[in-house]
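For the single chain, residues carry numbers from 1 onward in sequence order.
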Amino acid sequence: MFEHIERVPGDAILGLIEAFKKDTNPQKVDLGVGVYKDAQGTTPVMRAVKEAEALLLKNETTKTYIGSHGAPAYGQAVLPMVLGEGSPVLEAGRASATQSPGGTGALRLAADFIANQLPGKDVWVSDPTWPNHLGIFPAAGLTLHKYPYVDAENRLDFDGMLGALKQIPDGDVVLLHACCHNPTGFDLSRDQWQQVLEVVRERNLLPLIDFAYQGFGEGLDEDAYGVRLLAENLDEVIITSSCSKNFGIYCERTGCLIMVARNAEQMENVRSQVAIVARENYSNPPSHGGAIVSEILHSAELAALWREELTEMRDRINTLRRDFVEALKPYGLDEKYACVAEQRGMFSYTGLTPEQVDRLRDEFGIYMVRSGRANVAGFSHENLSYLAKAIAAVN
């Protein structure tokens, strides 16, 4: 039965990991893997997470199932984090939270919900977008289209984006990155979010907002601006949230699908359908990551510690962005790569060509995906001068 099955190429990033491990260059630099790293090149467990886990170990009394929607305490913690304390959406009972296996699981729930409940509606994603978007939605049987996001000069193409959104058929789904756009790092300004809102409302589009990096751009509330603007001003919005990055719990697979409906009654109808989708996919989500998040956000002391640690991570990344551009100044390349300092989040669309990326890997032991997307968290004050010298050599 399996004789006809062909082998497919492995994941490009996993291939980078293996190649990096085998590289004997003592100055090698990993800019490929999509996780936060500290100055020592490790992905640490946050202190708030450690303390929350200690409390869970002491107080946990059962390992029973938590239900298709997940633990209620988790939803009660995530909803105000995403939509805001005192949100009019929450006060009106218009939003529902479904705990999911990571942000990726939330996206698949959203895809299946759209396929089942909104037949004939297509999904539009930015060009470029997170590569897994290109797999998740077609896997659910949905047709995918792209709208422009970055121009030939490696700049945000907002005019092209807005023009394309104005042409999307009535009722289609448009996927928007809330902040820290993956893979480019180019985010929308508040004025641009307002213009997107107007077009989405005019075209009767359904926004699906991927919110994977809350707190990594400008701040927890600042990064949620577009999410809250659309949720408060539109009848229906889908939001996929991830706690992998901002809580550093990548392996715990902790996400959330948030559905916003016109009113509380419609929200309950939608919520009942989402429960079926979740049950058909995985029955119940894993509980440990959600319990960590709940423990932290329901404790004033742990929440304050977590926010402090998240601020440290965000400030480190934004400082490294500026210092990277400064390191290129002696080579006359600071203006060419000034966009790196303007972008936000862990990733940067550097503008490096595939050929330049290959040379950086082969000649200098610097690893990143061939699109030129670099994980800024892989920068350090120890390797910036080496990176700048290498990039100058391939320019």
Side-chain angles (χ1 to χ4, degrees), residues 82-84 87-89 94-95 103 106-107 110-111 114 118 121-130 133-134 137 142 144-151 153-242 257-262 339 342-345 347 349:
V82 172
L83 295 173
S87 164
V89 176
R94 294 177 51 215
L107 284 163
I114 293 164
L118 306 173
K121 300 304 180 185
D122 293 352
V123 177
W124 297 72
V125 299
S126 63
D127 185 14
T129 192
W130 181 46
H133 287 153
L134 308 181
F137 295 100
L142 296 168
L144 209 60
H145 307 277
K146 297 179 180 180
Y147 59 83
Y149 198 76
V150 175
D151 63 22
E153 301 300 316
N154 196 37
R155 295 286 177 179
L156 174 65
D157 184 10
F158 183 69
D159 290 340
M161 172 188 178
L162 208 62
L165 295 186
K166 291 177 180 178
Q167 303 301 316
I168 295 178
D170 182 288
D172 272 4
V173 179
V174 56
L175 190 149
L176 303 163
H177 295 236
C179 68
C180 307
H181 185 278
N182 182 3
T184 71
F186 290 116
D187 285 351
L188 302 182
S189 67
R190 294 194 171 193
D191 177 66
Q192 289 168 335
W193 272 113
Q194 186 66 45
Q195 294 180 63
V196 168
L197 166 64
E198 293 167 4
V199 172
V200 167
R201 186 159 45 197
E202 177 186 322
R203 299 295 302 164
N204 191 34
L205 305 178
L206 175 61
L208 195 174
I209 310 175
D210 191 344
F211 201 7
Y213 295 93
Q214 184 176 7
F216 266 83
E218 300 290 345
L220 283 165
D221 292 324
E222 293 86 346
D223 292 349
Y225 177 81
V227 176
R228 296 172 186 177
L229 178 72
L230 269 59
E232 292 172 15
N233 288 279
L234 297 172
D235 288 339
E236 297 156 351
V237 178
I238 301 175
I239 305 159
T240 58
S241 171
S242 172
L257 173 65
I258 298 173
M259 305 293 291
V260 177
R262 181 175 301 162
C339 61
E342 300 165 4
Q343 297 158 347
R344 285 295 175 263
F347 301 114
Y349 232 41

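Counting only heavy atoms from C-beta outward, the side chains of F158 and S189 never approach each other to under 4.5 Å. Within the 4.5 Å cutoff, the side chain of P128 has heavy atoms near those of the V150 side chain. Side-chain contact check for Y213 versus D187: every heavy-atom pair is 4.5 Å or farther apart. Contact of the R190 side chain with the L229 side chain is not registered, since no non-hydrogen atoms from C-beta on lie closer than 4.5 Å. Considering only heavy atoms from C-beta on, L188 comes within 4.5 Å of Y149 through its side chain. Using a 4.5 Å heavy-atom threshold, the side chains of F186 and C339 count as touching. Y349 places a side-chain heavy atom less than 4.5 Å from the side chain of P183. Side-chain contact between V196 and M161: present, with at least one pair of heavy atoms (C-beta onward) separated by less than 4.5 Å.
D223 contributes a side-chain N or O that, together with a main-chain N or O of G215, makes up a donor-acceptor pair within less than 3.5 Å. Judged by distance alone, the side chain of Q214 and the main-chain N or O of L220 form a donor-acceptor pair under 3.5 Å. Proximity of a side-chain donor or acceptor of R344 to a complementary backbone N or O of G185 within less than 3.5 Å is not detected. Proximity of a side-chain donor or acceptor of R94 to a complementary backbone N or O of D235 within less than 3.5 Å is detected. Checked by atom type and distance alone, the side chain of R262 never pairs as donor or acceptor with a backbone atom of L234 at under 3.5 Å. For R203 (side chain) and I168 (main-chain N/O), a donor-acceptor pair under 3.5 Å exists by modelled atom type.
Partner of I238 under the side chain to side chain contact (heavy atoms under 4.5 Å, CB included) criterion, chosen from V260, I209, L208: L208.
When every heavy atom of H133 is checked against every heavy atom of L175, the shortest pair comes out as CE1-CD2, 3.6 Å. Minimum heavy-atom separation, K121 to G171: CD-O, 3.3 Å. Taking each heavy atom of S241 and V82 in turn, the nearest pair found is OG-CG2, 3.8 Å. What you find for T240 and A110 is that their closest heavy atoms are CG2-CB, 4.4 Å. Across all non-hydrogen atoms, the minimal contact from L205 to L165 is CD1-O, 3.9 Å. Of all heavy-atom pairs spanning D151 and D157, the tightest one is N-CB, 3.8 Å.
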Does N182 form a side chain to side chain contact (heavy atoms under 4.5 Å, CB included) with D210? I'd like the steps, not just the answer. CA-CA 10 Å; N182 182 3; D210 191 344; over 6 Å; no

Does Y147 form a side chain to side chain contact (heavy atoms under 4.5 Å, CB included) with V174? I'd like the steps, not just the answer. CA-CA 9 Å; Y147 59 83; V174 56; 3.8 Å; yes

Test side chain to side chain contact (heavy atoms under 4.5 Å, CB included) applied to F211 and I258, step by step: CA-CA 10 Å; F211 201 7; I258 298 173; over 6 Å; no

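How far CD of Q192 is from CG of L156: 5.5 Å, rounded to the nearest 0.5 Å. With rounding to the nearest 0.5 angstrom, the CG atom of L197 is 10.5 Å from the CD atom of E232. Rounded to the nearest 0.5 Å, atoms OG1 (T184) and CH2 (W130) are 15.0 Å apart. From F137, atom CZ reaches atom CH2 of W124 across 14.5 Å, with rounding to the nearest 0.5 Å. If you take CD1 on I239 and CG on L176, they are separated by 11.0 Å, rounding to the nearest 0.5 Å.
A side-chain hydrogen bond (donor to acceptor under 3.5 Å, both in side chains) check over residues 193-202, counting only residues at least two apart or in different chains, returns the pairs D191-Q195.
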